[in-house]
Amino acid sequence: MFFSKMLIPTMREVPSEAEAISHKLMLRAGYVRQLATGLYIYLPLGWKVMKRINRILKEEMDAIGAQEVSLPIVHPAEIWQKTGRWDDIKEEMFRLKDRTDRDMCLGMTHEEIMTWLAAKEIRSYRDLPQMWYQIQTKLRDEARPKSGILRTREFIMKDSYSFDADDEGLDKSYQLHADAYHKIFSRCGLKFYQVESDTGMMGGATAHEFMAPSPAGEDDIVLCVSCCYAANVEVARSIPTPLKDLQWEYEEVYTPQKRTVKEASGFLKVEPPYFIKSLLLIASEGPVLVLVRGDQELHEKKLTKIIGAFRSASKEEILTTLGVEAGFIGPMGHKIRILADKSLKEGSYISGANKADHHVKGIRPGVHFNAEWHDLHTAKEGDYCPQCNASLKIKKAIEIGNIFKLGTKYSTSLNAVFLDKNGKEMPIIMGSYGIGPARIAAAAIEQNNDKDGIIWPSSIAPFDVEVIPLNVNDTRTMEVARSLYKELNNNGLDVLFDDRDERPGVKFKDADLIGIPVHVVIGEKSLKDNNIEIKIRSTKEGRKIPVDNALADIINVIHERANQ
RNA sequence: CGGGGCGUAGCGCAGUUUGGCUAGCGCACCUGCCUUGGGAGCAGGGGGUCGGAGGUUCAAAUCCUCUCGCCCCGACCA
């Protein structure tokens, strides 16, 4: 491909709207343009990257026996009403009516439609298992699109669905996907972790996410430095740092205006872990007092699983319910339901005295208060691994894929059933598995860039190699360059040929920005010694090679890079 | 949906506080010359509903009201 003929609108300056590195570079290097919030145009370079990623997705999905299909993007409401999601999902679903006033929606995901198809076509256990996938546009009217193509309102997703006759079958389909995902992300050149994750509204028992570590990520993941424990903070367990039992006597202490743990801790010169944070929350059942250690944060999702939806109490509610000013709540002597994090089960602590401007030292669980014990804290850096007790670290990460065991949630509501060996009607057992190719591209950039631009992993780069004649008005330069371009193409390589009449500096800058992994530079200087240069984008390392043997050398270098 | 910020040429910005001549700068773009190993130089040139609507005023990019768009933080994320 000739550079001069291709739409590659590089920019020297960064558009002010971009924040994330991948977003800035994709705009600057001419990969994407924004149409509106969360809606992006893929320019030729960007689309080539997407196609290469999708190729890998298809190869690995086909390899585990999944079959590609294509489902509509516009769905009749009826199917979504049957699973309840027409009502469960609120503004995030794009809805419309057809000309006969029938309710329709734009697909945000395709469990409903895949299950509908299974219900229609699968009759017998002999038809199972099945795995169907598609690479299809999804639409979600996101509350807050962000970070360029990382979170958009319209996006392409590889989504696959497994249909099995029993749980063993589901386990197998699930594992096949997990293995395929490892291959896919490795082939795409990403650093990633498979982590335990929340099943969310998908329902079902087991779910994992594939996470590419990056500061641009929206999720925090917890990783054990020693064993394989890895989990999204949304579900992560952890063992808090152990405390000494300080053997305090039970006594009231004066703490004027010291409301927060931080303030009281500084005032009393006692570390935050020796405090009990007492939070009054209003659940549908009424007020609930929740206790976590002073150095911990309440994990709202964990609590929601126990008491349902809740909100924090207002200052007035605290006063009328507990008879104490906010900031001085203690766990002692209340008649309402009390839940506490398990880490508070031993030791003695400081907490509010249920009396303005006073705290109490020496509070002992079981003696001065009782509670229902649960895991209610958010795992944090420095906590210990629930599996092996080594220390935990926390990283930001981009969710690039997920796998869910759905069970029979969708098959039951859409009547996707089969007859088993005994002629008994059973619901199909399902799994659902997603990958966001645009997120793979963004994560690859986030993980591979320098001050000059993108450094693509060779598997998903828009071209295999860029040929750069420095002076297009020099006959010898162009002879050598044209012939190399032709031969590289003939050898099945995808080549970008910078035929523009630009100064060398411009070409080098653009080449670095665009990030094709291997550059071949043809300049008069080297040609005098009958040499050209091969440059590796990632290291900036250059090597002179004789013109005569150039083709073989270049091909070698490209293959070496591809196998890394 | 709550909080904050920003809309002036394709991109980056100045001008807005304190209204005042023809709305400016850098880059990009076009023409010519020149140049060719890290975003060259010189000369000439094109490009603007100052996000939009209404208002105040002799006079509005600038002040007032409404509105639209975009970004960031939070909530949310099936």
Side-chain angles (χ1 to χ4, degrees), chain A residues 9-20 23-24 27-30 33-40 80 83-93 105 107-112 138-148 150-153 155 157 159 197-204 207 209 216-219 232 234 300-301 304 309 311-312 398-399 402 404 406 409-410 432 434 436 439 451-453 468-474 477-478 498 500-514 519 521-528 531-533 535 540 542 544:
Chain A
T10 60
M11 290 188 279
R12 194 186 299 213
E13 282 172 296
V14 201
S16 56
E17 75 236 29
E19 187 82 6
H23 189 197
K24 288 181 183 169
L27 288 170
R28 280 194 61 207
R33 287 295 182 260
Q34 188 187 56
L35 175 65
T37 302
L39 297 175
Y40 280 83
W80 286 80
T83 63
R85 293 211 286 186
W86 179 263
D87 295 312
D88 292 345
I89 298 166
K90 301 284 185 304
E91 308 88 351
E92 200 145 330
M93 182 185 266
C105 65
M108 0 190 359
T109 175
H110 281 81
E111 280 78 17
E112 273 77 1
K138 310 282 185 226
L139 292 116
R140 296 179 188 174
D141 196 357
E142 288 283 352
R144 181 145 101 85
K146 58 181 290 197
S147 306
L150 273 179
R151 185 166 210 86
T152 54
R153 295 193 290 175
F155 57 98
M157 184 167 156
D159 50 322
S197 70
D198 193 24
T199 50
M201 290 285 287
M202 280 288 205
E209 286 164 338
E218 296 182 274
D219 291 272
N232 193 308
E234 289 178 356
E300 299 190 358
K301 273 202 174 141
T304 303
R311 61 173 173 85
S312 48
I398 298 166
E399 182 188 347
N402 54 39
F404 290 93
L406 295 176
K409 177 179 157 129
Y410 297 93
S432 138
R439 285 186 172 186
K451 65 176 172 47
D452 294 312
I468 309 171
L470 292 183
N471 181 0
V472 297
N473 299 314
D474 180 67
T477 299
M478 290 311 278
D498 194 346
R500 296 174 303 165
D501 187 4
E502 289 285 357
R503 297 171 57 83
V506 174
K507 296 191 175 194
F508 287 134
K509 288 288 181 191
D510 275 344
D512 286 347
L513 187 56
I514 290 165
H519 301 166
V521 179
I522 298 118
E524 290 159 90
K525 227 190 232 174
S526 303
L527 279 180
K528 274 180 197 150
N531 285 330
I532 60 165
E533 282 153 77
K535 210 151 75 176
K540 292 276 179 77
K544 288 193 197 307

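Residue numbers start from 1 in every chain, and the chains themselves are labelled A, B, ... in the order their sequence lines are given, proteins ahead of strands.
- Rounded to whole Å, atom C1' of A75(B) lies 16 Å from atom CZ of Arg311(A).
- At a cut-off of 3.5 angstrom, the base of U36(B) holds no donor-acceptor pair with the side chain of Asp474(A).
- Among the protein residues, Glu533(A) comes within range of the nucleic acid bases, having at least one heavy atom under 4.0 Å from a base atom.
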Scan nucleotides 67-72 of chain B nucleotide by nucleotide, 5' to 3', and note B when protein non-hydrogen atoms come under 4.0 Å of the base, S if they reach only the sugar-phosphate, - if neither.
---SSS

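- Each of G37(B), G38(B), U36(B) was ranked by its minimum atom distance to the side chain of Asp512(A); first place goes to G38(B).
- Of the C1' atoms belonging to U49(B) and G69(B), the separation is 16 Å, rounded to the nearest Å.
- Applying the Watson-Crick and G-U wobble criteria (two distances, each under 3.5 Å), C21(B) pairs with nothing in any strand.
- Arg28(A) contributes a side-chain N or O that, together with a main-chain N or O of Met11(A), makes up a donor-acceptor pair within less than 3.5 Å.
- At a threshold of 4.5 Å between non-hydrogen side-chain atoms, the residues Phe404(A) and Lys409(A) do not count as touching.
- In terms of position along RNA chain B, the nucleotide closest to Glu13(A) lies nearer the 5' end than the nucleotide closest to the other residue of the pair Ser526(A) and Glu13(A).
- Here the nucleotide nearest the side chain of Ala143(A), chosen from C76(B), G37(B), C11(B), is C76(B).
- Pairing partner, C34(B): none, since no Watson-Crick or wobble contact has both distances short of 3.5 Å.
- Remark: C1' of U36(B) and CE of Met478(A) are 13 Å apart, rounded to the nearest angstrom.
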Can you pull every protein N or O that's under 3.5 Å from an N or O on nucleotides 41-49 of chain B?
none

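- Distance alone, capped at 3.5 Å, is enough to place a donor-acceptor pair between the Arg33(A) side chain and the Leu27(A) backbone.
- With sequence neighbours excluded, the residues that form a salt bridge (charged side-chain N to carboxylate O under 4.0 Å, His left out) with Glu112(A) are Arg85(A).
- For Met157(A) against Gly434(A), the heavy-atom pair with the smallest separation is CE-CA, 3.7 Å.
- When both distances must be under 3.5 Å, the Watson-Crick or G-U wobble mate of U16(B) does not exist.
- Between Arg439(A) and Glu218(A) there is a salt bridge, since at least one side-chain N of the basic residue sits less than 4.0 Å from a carboxylate O of the acidic one.
- Pairing for U49(B) is absent, with no Watson-Crick or G-U wobble pair whose two atom distances lie under 3.5 Å.
- Checking the phosphate oxygens (OP1, OP2) of A40(B), a side-chain nitrogen or oxygen of Arg503(A) falls inside 4.0 Å.
- The base of G10(B) is not paired with the side chain of Arg28(A) by any donor and acceptor separated by under 3.5 Å.
- In this view, Asp452(A) and Asp450(A), Lys509(A), Asp512(A), Arg537(A), Lys540(A) satisfy the side-chain contact (heavy atoms from CB on, under 4.5 Å) rule, not counting sequence neighbours.
- Under the Watson-Crick and G-U wobble criteria, each requiring two contacts below 3.5 Å, nucleotide G7(B) is paired to C68(B).
- In this structure, CD on Glu399(A) lies 4.0 Å from CD on Glu209(A), to the nearest 0.5 angstrom.
- Shown here are the salt bridge (charged side-chain N to carboxylate O under 4.0 Å, His left out) partners of Arg12(A), two or more places apart in sequence or in another chain: there are none.
- For the P atoms, the distance from A53(B) to A43(B) is 39 Å, rounded to whole Å.
- Nucleotides C72(B) and G10(B) have their C1' atoms positioned 25 Å apart, rounded to a whole Å.
- Using atom C1' as the reference point in both G74(B) and C29(B), the two lie 42 Å apart (nearest Å).
- Per the geometry, CG belonging to Asp498(A) stands 13 Å off C1' belonging to U36(B), to the nearest Å.
- Closest to the side chain of Arg12(A), out of G39(B), U36(B), C11(B), is G39(B).
- Here Val472(A) lies out of heavy-atom contact (under 4.0 Å) with every strand.
- Under the Watson-Crick or G-U wobble criterion, with both distances below 3.5 Å, A28(B) is left unpaired in every strand shown.
- Using a 4.0 Å cut-off between charged nitrogen and carboxylate oxygen, Glu533(A) and Lys544(A) count as a salt-bridge pair.
- Listed by chain and number, the residues in a side-chain contact (heavy atoms from CB on, under 4.5 Å) with Asn471(A) are Asn473(A), Asp474(A), Glu524(A) (sequence neighbours excluded).
- Remark: Glu91(A) CD to Arg140(A) CZ distance equals 15.0 Å, nearest 0.5 Å.
- Going from the C1' atom of G26(B) to that of G39(B) covers 14 Å, rounded to whole Å.
- In this structure, NZ of Lys528(A) is placed 11 Å from C1' of G37(B), rounded to the nearest angstrom.
- At whole-Å resolution of the value, CG in Leu513(A) and C1' in G38(B) are 13 Å apart.
- In the set U36(B), G39(B), G12(B), the nucleotide with an atom closest to the side chain of Asp510(A) is G39(B).
- With P as the reference atom, C27(B) and G44(B) are 15 Å apart, rounded to whole Å.
- Checking G38(B), G37(B), C11(B) against every side-chain atom of Lys509(A), the shortest atom distance belongs to G38(B).
- Between Met11(A) atom CE and C29(B) atom C1' the separation is 15 Å, expressed in whole Å.
- In summary, the side chains of Tyr410(A) and Glu111(A) do not present any donor paired with an acceptor at a separation below 3.5 Å, with no hydrogens or angles considered.
- Along RNA chain B, the nucleotide nearest Asp219(A) and the nucleotide nearest Lys540(A) are compared for position; the residue whose nucleotide lies closer to the 5' end is Lys540(A).
- The pairing partner recorded for G74(B) is C1(B), the criterion being a Watson-Crick or G-U wobble arrangement whose two distances lie under 3.5 angstrom.
- For the pair Ile522(A) CD1 and G38(B) P, the computed distance is 17 Å after rounding to whole Å.
- The CD-P distance, from Glu300(A) to C76(B), rounds to 7 Å in whole Å.
- Taking atom P in both C6(B) and G38(B), the straight-line distance is 40 Å, to the nearest Å.
- Between U22(B) and C64(B), the two P atoms lie 25 Å apart (nearest whole Å).
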